[in-house]
Asks: 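One structure coming up, written as structure tokens, with questions to follow.
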Amino acid sequence: MSLDPTLLDDLEWRGLLAHSTDLDAMREAFAAGSVRYYVGFDPTAPSLHMGNLLQIVTAVRLQRAGHTPYVLVGGATGMIGDPRDSGERTLNPTETVAEWTERVRRQVEPFLSFEGENAATMVNNLDWTAQVSAIDFLRDIGKHFPVNRMLARDVVRNRLEDGISYTEFSYVLLQSMDYLHLHREHGVDLQLGGSDQWGNITGGVELIRRATGDRVHAFVTPLITKADGTKYGKTEGGALWLDPEMMSPYSFFQFWLNVEDEKVPELLRVFTFLSREEIEELEATHAEKPFLRAGQKALAEHVTTLVHGAEETERIKAASAALFEGGELRAVDERTLSAALRNVPFTYELELNGAEFPTVAELLVLTGVCESKSAAIRAVKEGGGYLNNVRVSDPSARPSVDDVLHGKWLVLRRGKKKFAGVEVR
RNA sequence: GGCAGGUUGCCCGAGCGGCCAAUGGGAGCGGACUGUAAAUCCGUCGGCUUUGCCUUCGAAGGUUCGAAUCCUUCACCUGCCA
């Protein structure tokens, strides 16, 4: 595997280096040989999300450039929980942490290559943390951490008012110990992570310097926020999950397709492997013809392919085209329509048995597009209810046999984007 | 431990015996304008068998024809004094 000498410049151009240790030293290390680097994921949920994806993609960039990844799953750190501003975490049961650790491991695996000269390695920090005695921990690790410095960290300072447990306060020692362990046992010289990890990561760099005298490297990627500075997924009720069970690939694709114009250049840079030329061309196209949303389309296609595969992405693209661009749904052939509606997050199988159709409002509830009948009636009254892409004004209207497309489907829609498929039997 | 204040819908926050499903802001949702974008404007925003009914204002009791509003107890939070 040959080393890509442009790696660091590329990372810089993409805006991936929010903070870093000495860049010149890192550049030298990258030039000298395949650098072993690590990135860690704590099992704080059953699935990884958009924020983690950024670390994964960045790790892939380094591997493609010839360096050697170590992916750490936090079987140990996940039992402790790193401090965050929103307050003390609730400790998860051991079994839950174990299960989530396994899920995280399986989720990350497909992204990296575990073959070749710079094959990736999976590690679990529980393996070297579980058997450390409290005495050893305090003597070997704790001794290197001045409490006054730990107290000065932003996260800790912000939490002093409301309170922070000793457990979370100690988190940084565990993560630092991981870096020290990987450095000693595997020759790992670089750690990357999200910008919120900067404190924990430099803790490790510092620990290694004190314990071994070695200078190791680190960098963190920026926090990705919406154009107005708020977090993605913060208000829409849930993060952007990578697990198809927790967020359908269709919704995932739609998310990227709907990204604000302003964010497209940044997201293309950090989340896709498109080259600088390709991205700049997309930006030019966008500046000229923004209504084409070429950037969003490229983004949605690339990221969805990366996470859910090319086949799935093709299906979703066809589905989106059928529903959004088709206009007259009768014109859409049955195969495309069926495929489209099976990809939509809301579906319902209606057993008619000769009985009369439910009302439009009832169907909106049955498919799950509306939370309650009141909400459904309200939606229709507001002009946000559609049957087969035609607005319905009366919530108590009932579809007729003629409305069933290809003898099988009713397409319900709420607002501009929420589609639901009703399969009539 | 003592004194004072607080706990309201997704969040913040009014209300302080009937006119309260509860002012206002934010988020959300829908519409208009567009480009499945942003901004803006308008509407909506507990549930239902929907011109009416039911369940909500920390919890449980009580006073009253009637309580988010008054009283009692409990829980939690905040400030002042120990």
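Values below: every heavy atom of this structure, side chains too, minus hydrogens, waters and symmetry copies. Naming: A, B, ... by sequence-line order, numbering from 1 per chain.
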Asks: Using a distance-only test with no angle check, is there a side-chain donor-acceptor pair under 3.5 angstrom linking A:Asp42 and A:Thr44?
Replies: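 There is no such pair between these side chains.
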Asks: Does B:C48 have a Watson-Crick or wobble mate here (both distances under 3.5 Å), and if so which one?
Replies: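 Base partner found: B:G52.
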Asks: Using whole Å, report how far CG of A:Asp394 lies from P of B:U50.
Replies: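 In whole Å, B:U50 P and A:Asp394 CG are 13 Å from each other.
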Asks: Could you give the distance separating B:G6 and B:G58 at their P atoms, to the nearest angstrom?
Replies: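 Looking at atom P only, B:G58 and B:G6 are 12 Å apart.
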Asks: Taking B:C45 as the reference, what is the distance to B:U23 when you measure between their C1' atoms (whole Å, please)?
Replies: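 Looking at atom C1' only, B:U23 and B:C45 are 15 Å apart.
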Asks: Using whole Å, what does the distance between atom C1' of nucleotide B:C54 and atom NZ of A:Lys373 come to?
Replies: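 My rounded result for the distance is 16 Å.
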Asks: How far does the P atom of B:A68 sit from the matching atom of B:C16, given to the nearest Å?
Replies: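 The answer is 14 Å between these two P atoms.
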Asks: Using side-chain heavy atoms (C-beta onward) and a distance below 4.5 Å, is A:Glu206 in contact with A:Arg149?
Replies: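 Result yes, sub-4.5 Å side-chain heavy-atom pair found.
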Asks: Rounded off to whole Å, could you give me the CZ-to-P distance for the A:Arg414 and B:G30 pair?
Replies: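 In whole Å, B:G30 P lies 5 Å from A:Arg414 CZ.
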Asks: Can you tell me how far P of B:C45 sits from CZ of A:Arg378, to the nearest Å?
Replies: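 It is 6 Å, rounded to the nearest whole Å.
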Asks: Around atom CD of A:Glu245, are there more than 12 heavy atoms from other residues, nucleotides or ligands closer than 6.0 Å?
Replies: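 Open: at most 12 neighbouring heavy atoms sit under 6.0 Å from CD of A:Glu245.
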Asks: Have a look at A:Tyr386 and say if it touches a base, only the backbone sugar-phosphate, or nothing, with a 4.0 Å heavy-atom cut-off.
Replies: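 Here A:Tyr386 touches the backbone only, sparing every base.
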Asks: Determine the contact category for A:Arg413: base if any of its heavy atoms lies under 4.0 Å from a base atom, sugar-phosphate if only primed atoms, P, OP1 or OP2 are that close, otherwise nothing.
Replies: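 Nothing, no nucleic acid heavy atom in range.
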Asks: Tell me which nucleotide, if any, is Watson-Crick or G-U wobble paired with B:A32 when both distances must be under 3.5 Å.
Replies: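 Here B:A32 is engaged in a pair, and the nucleotide opposite it is B:U40.
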Asks: Going by modelled atom types, is there a donor-acceptor pair between the base of B:U34 and the side chain of A:Lys416 at under 3.5 Å?
Replies: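 Side chain to base: pair found, below 3.5 Å.
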Asks: Please report the distance, rounded to the nearest Å, between NZ in A:Lys263 and P in B:A39.
Replies: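 Nearest whole value for this atom pair: 13 Å.
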Asks: Starting at atom CG of A:Leu257, determine the distance to atom P of B:A37, rounded to an integer number of angstrom.
Replies: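 Rounded to the whole Å, the gap is 9 Å.
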Asks: I'd like the P distance from B:A60 over to B:C65, given in whole Å.
Replies: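 Their P atoms lie roughly 23 Å apart.
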Asks: Round to the nearest Å and state the distance from A:Glu362 atom CD to B:U49 atom P.
Replies: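 After rounding, the reported distance stands at 8 Å.
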Asks: Judged by modelled atom types alone, do A:Asp178 and A:Gln175 share a side-chain donor-acceptor pair under 3.5 Å?
Replies: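 Side chains of A:Asp178 and A:Gln175: no pair found under 3.5 Å.
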Asks: How are the rings of A:Phe252 and A:His308 set relative to one another: parallel (under 30°), tilted (30 to 60°) or perpendicular (over 60°)?
Replies: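 The arrangement is perpendicular - the two ring planes meet at more than 60°.
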Asks: When all nucleic acid strands are considered with a 4.0 Å heavy-atom cut-off, which category describes A:Val264: base, sugar-phosphate, or nothing?
Replies: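 Here A:Val264 touches no strand at all.
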Asks: State whether the distance check finds a donor on one side and an acceptor on the other, under 3.5 Å, for side chain A:Glu382 versus base B:G43.
Replies: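 Under the 3.5 Å cut-off, the side chain and the base do form a donor-acceptor pair.
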Asks: With C1' as the reference atom in both, quote the distance from B:G25 to B:A32 in angstrom, rounded to an integer.
Replies: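 So the two C1' atoms sit 23 Å from each other.
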Asks: Can you check the distance between B:U34 and B:C48, where both ends of the measurement are the C1' atom (answer in whole Å)?
Replies: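 About 38 Å, rounded to a whole number of Å.
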Asks: Measuring only the P atom in each nucleotide, how far is B:C70 from B:U7? A whole number of Å is fine.
Replies: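 Approximately 11 Å lies between the P atom of B:C70 and that of B:U7.
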Asks: Tell me, do A:Leu412 and A:Leu410 make a side-chain contact under 4.5 Å, heavy atoms counted?
Replies: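 SC-SC contact between A:Leu412 and A:Leu410 confirmed.
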Asks: Taking atom C1' of B:U50 as reference, at what distance in whole Å does atom NZ of A:Lys381 sit?
Replies: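 Value for this atom pair: 7 Å.
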Asks: Please give the nucleotide sitting opposite B:U72 as a Watson-Crick or G-U wobble pair, both distances under 3.5 Å, or none.
Replies: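 The base-pairing partner of B:U72, which may sit in any strand shown, is B:A60.
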Asks: Between A:Thr305, A:Ile316, A:Asn343, which is the residue that forms a side chain to side chain contact (heavy atoms under 4.5 Å, CB included) with A:Phe253?
Replies: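 Checked A:Thr305, A:Ile316, A:Asn343 against A:Phe253; only one passes side chain to side chain contact (heavy atoms under 4.5 Å, CB included): A:Ile316.
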Asks: Using a heavy-atom cut-off of under 4.0 Å over every strand shown, decide if A:Glu260 touches base, sugar-phosphate, or nothing.
Replies: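 Here A:Glu260 touches the backbone only, sparing every base.
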Asks: Under 4.0 angstrom, heavy atoms only, what part of the nucleic acid is A:Ile377 near: base, sugar-phosphate, or nothing?
Replies: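 Base contact.
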Asks: Compare side-chain N and O positions of A:Ser374 against OP1 and OP2 of B:G46 and report whether any pair is under 4.0 Å apart.
Replies: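 For B:G46, neither OP1 nor OP2 has a side-chain N or O of A:Ser374 closer than 4.0 Å.
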Asks: Please confirm whether the shortest side-chain N or O distance from A:Arg293 to OP1 or OP2 of B:A38 is below 4.0 Å.
Replies: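 No.
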Asks: Using the P atom as the reference point in each nucleotide, state the distance between B:G9 and B:U56 in Å, no decimals.
Replies: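 Rounded to whole Å, the distance is 14 Å.
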